[in-house]
Amino acid sequence: MDMLALFAPPDLINGLLLKLRLGQETINYVVWPFIQIGAVVTGVAVWAAYATYLERKISAFMQARLGPMRVGPWGLLQPIADAIKLLTKEDLKPDRADTYIFFFAPFISVVAAFVVFAVIPFAPDWGVVTDINIGLLFVLSVSSVGVLALILAGWSSNSKYALLGGLRSSAQMVSYEVAMGMALIGALMFARTLSLSGIVSAQGLDSIWYIFYQPLGFIIFLISGIAENNRAPFDLPEAESELVAGFHTEYSGMRWSLFFMAEYAAMIVVSAIATSVFLGGWYFPGVWRLGINYPHLFVALSLVVFLVKMSVLLYVYFWLRWTFPRYRYDQLMDLGWKWMLPAALLNITLTAIAIFVVQALDGWRGMDTVTSLARGVNLTATGKAIMIAFGALGVFIAAGMLSVINHGARDFNLKKQRVGIRLTNPPKGQTAVASAAAAAAAE
Amino acid sequence: MHQVEVATTRETLLDSPEMVLNMGPQHPSTHGVLRVVLKLDGETVIDLDCDIGYLHRGMEKIAENRLYPMIAPYWDRLDYIAAVSNGLLWVETVEQMLGLDVPPRAHYIRTILTELNRISSHLLWLATHGLDIGSFTVLLWALREREEILKIFERQFGARLTCHAWRIGGMPNDTYDGFTEDVTRFVDNFPHRLAEYETLLSENRIWLGRTVGIGVISAEDAIAIGLSGPALRGSGVAWDIRKSRPYAAYADMEFEVPVGENGDTYDRYLVRLEEMRQSRLIVQQALKRMPDGPVNAKVPKIIKPPAGDYYHSIEGPKGEIGCYLVSDGSSRPARVRVRPPCLINLQALRQMCLGHLVADVVAIIGTLDIVLGEIDR
């Protein structure tokens, strides 16, 4: 493919830009990238802001209340009012805090969260901002920079609560990143590429979403993703009941809201990765027919499909947050290292075996399982059925294996450890006695 | 009280892995102005000290300078979550000193309203305990039901939280029109609501992980410290003043006392939930059997109890709240002493918390259900 065409904007915009007497190279390498960056950054910022609105509304409906209702119709302008409020608030710095680190930590956090959007394939064709061949690695490495901001913020605040929050977050994010990365490997074996749009295309070519091949991987990825984002029920770094507000206890005004935006942006990132890798990205049955006659409409519709899939995952985030209590620090670590990591390793092994078996079956006694292996694993209907069966089996094998590993652990046997209560009818004039036998003797 | 030893010199500070964390008095989950000084090794609590007194108002001293009826509103502010129960304690103490014969209707109304107050107090406990462990939705659901009770209080007493419910010798007035309907409506809806909370928490693995085996206290230790109320019953001691020394109309009521087995946070949680159900049964019975008649005994204009001392206690939502009253025969008490259940329950905090994590301290403070207004007085 011509290098110039790779970066070219769609014809309509290209024509407009050419009328402004800009050279084709300037358009491709300067103007169009800036337009894309601007669109993504603005879009994500607005979306992150409105994700807070959605969260407040959804939580309100779950809790028998209305949520924001005052600013604009149904409180729709609430995020904007919040932004104005936060921008005009005083920017406080605690006494003897490490000034520079304290001031720069929020930027690290927000940049790490936003840069990832460069490689997210929102839609085919011009919907892909950048398509680099190590896309997924890029995402994982950049998002792990975010943990640095949390540690620095916690350390520089000169506050013990912030310090504990920073320590917790670093331990938590490091633990769960391992499982999160491992969970993706199964899907990579099918796609045979690290490019995110390549993974999506592979699912399109095979016309199946990888969640069907990789249910276990999807579950692990989702749980680890929520934990990696420090969202409830894994929101220990900012557990408001213990650590006041964790690493951002001492932050105020816009710096605090940068952390807040980074959190929502990171949620959107994880949802986007899960959508691209497991939920077939922009593909949806039937939408491709539009692509034949109306290519731009097709891209726009694909974008909508992608956003809807992401929103469903975002809703799962909200749903979990407002339903579950919070894990304790050691329980969280147990879950990461004793459940998620072994399950992810098992998933890789099982996937490798499954792919090997399906390939070996091709041609055996007239069976036809593999269509092509050129761009990702393409299977016939029989091959797909076998692969889906392997995927479902993997969930059960993992559940069995994990319960064997953890059968002695306290958290595994919780329901057996509780005894429950009994109802008694103590007689009049009885004094407090320690045991049932003593009570009987007193009678 | 126990003192936490803090490393002070540069050498000891650098060498030791310990960190002293000052929790409160301005902290979201110390339930008021409790200050807890924690000594931590990593996140494990190795020592702990409570600092109280931020809400001290000198209630007992104030009482020495007031006429007997004037003290009652002060008593309502002891445990402000359960103003109706505390108020009952004061008026019953004085009534028993005077030997007043309170009409049965007043007793029944008192029983209904104190039990409603117990439910509202337990609901607030459930709300904040849930919030401490991170379940925000429980907070708002429980407050929704509490709101219904507060509405009944507002119609009956004229105030929602800061109500002054009783008079010595009976009640300021009979129940308002529609009282029975309001209470019946609440009582009918309540089991369904409780079941809702249980779906959120009782079987939830995270909730179990945060409560089962946390803050265990044995029955012997609980009695030795002097715990009372759900904190004692959670450890398996079946002791309830409503049963052992019945007051108001409790002698006529049929109800059971739930006791736990393990003495952990989860058992205390179950005990309190069951207590709410039993309270509901008591309210139902009292409504059904409520006699007609006056709600006031004949009370002298100036109340002068005979010289002597008297102790009376009732089963408040938090435990045995008692009042020791010394009278010299004048119109003002010579000395008043409150037996504060929350203060005594708080003494178990150190024993319950040692060896647990910071997150558990919050859960244990929640399970003790303390109110600083009563601890500091």
Side-chain angles (χ1 to χ4, degrees), chain A residues 59-60 62-65 160-161 163-164 167-168 171 232-236 239-245 320-332 334-335 409-436 438-439, chain B residues 19-22 27-29 43 130-137 139-141 144 200-201 203-210 212-213 218-220 222-223 228 232 234 236-240 243-246 251 256-262 264 266-267 270-271 274 278 357-362:
Chain A
S59 69
M62 287 180 183
Q63 294 164 347
R65 55 194 178 90
K160 285 171 183 171
Y161 288 110
L163 178 65
L164 276 177
L167 289 176
R168 278 182 176 190
F234 310 100
D235 57 339
L236 302 184
E240 73 265 8
S241 58
E242 302 131 40
L243 299 184
V244 190
L320 292 179
R321 174 167 179 190
W322 300 107
T323 310
F324 284 136
R326 182 181 300 116
Y327 271 105
R328 209 174 57 195
Y329 181 57
D330 57 330
Q331 295 166 349
L332 177 94
D334 277 1
L335 190 74
R410 165 186 175 268
D411 290 355
F412 187 64
N413 298 314
L414 282 169
K415 292 196 177 172
K416 282 180 207 153
Q417 286 170 35
R418 61 177 179 170
V419 187
I421 52 167
R422 61 198 155 85
L423 291 173
T424 56
N425 202 349
K428 196 174 170 181
Q430 192 199 328
T431 50
V433 281
S435 66
Chain B
M19 181 171 98
V20 175
L21 186 68
N22 187 26
H27 186 280
S29 41
E43 285 215 20
L131 185 64
D132 287 344
I133 300 187
S135 188
F136 196 88
T137 302
L139 171 85
L140 288 147
W141 284 10
R144 175 184 60 187
L200 269 182
L201 301 176
E203 297 289 319
N204 187 316
R205 288 200 75 85
I206 307 178
W207 181 262
L208 288 170
R210 291 298 304 274
V212 173
S218 70
E220 286 80 10
I223 292 174
S228 54
L232 176 70
V237 182
W239 188 65
D240 189 320
K243 285 280 187 191
S244 58
R245 286 199 302 279
E256 281 169 319
V257 179
V259 293
E261 196 69 46
N262 287 344
D264 58 8
Y266 187 72
D267 279 6
L270 285 184
V271 163
E274 185 57 38
Q278 297 293 337
L357 302 178
V358 180
D360 293 330
V361 174
V362 173

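Both backbone and side-chain heavy atoms feed into the values below; hydrogens, waters and symmetry mates do not. In this text the structure is predicted, and so the values were computed from the model without any measurement. Each chain gets a letter, A, B and so on, in the order its sequence line appears, and its residues count up from 1.
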Measuring from [X]:[atom1] to [Y]:[atom2], what's the distance to the nearest 0.5 Å?
X: A:Phe324; Y: B:Arg205; atom1: CZ; atom2: CZ; result: 11.0 Å
X: A:Gln331; Y: B:Ile206; atom1: CD; atom2: CD1; result: 8.5 Å
X: A:Arg328; Y: B:Leu357; atom1: CZ; atom2: CG; result: 5.0 Å

In terms of heavy-atom proximity below 4.5 Å to chain A, should [X] be classed as side chain, backbone, both, or neither?
X: B:Glu203; result: both
X: B:Leu139; result: neither
X: B:Asn22; result: backbone

Please find the pair of heavy atoms, one from [X] and one from [Y], that lie closest to each other, and give the distance.
X: A:Thr323; Y: B:Leu200; value: O-CD2, 3.8 Å
X: A:Met62; Y: B:Trp141; value: O-NE1, 3.0 Å
X: A:Ala64; Y: B:Arg144; value: CB-NH1, 3.6 Å
X: B:Asn204; Y: A:Pro325; value: ND2-CD, 3.4 Å

What option among B:Val259, B:Leu270, B:Asn262 has the most heavy-atom pairs under 4.5 Å with chain A?
B:Val259
Highest number of heavy-atom pairs under 4.5 Å with chain A among B:Gly260, B:Pro258, B:Gly209 belongs to B:Gly209
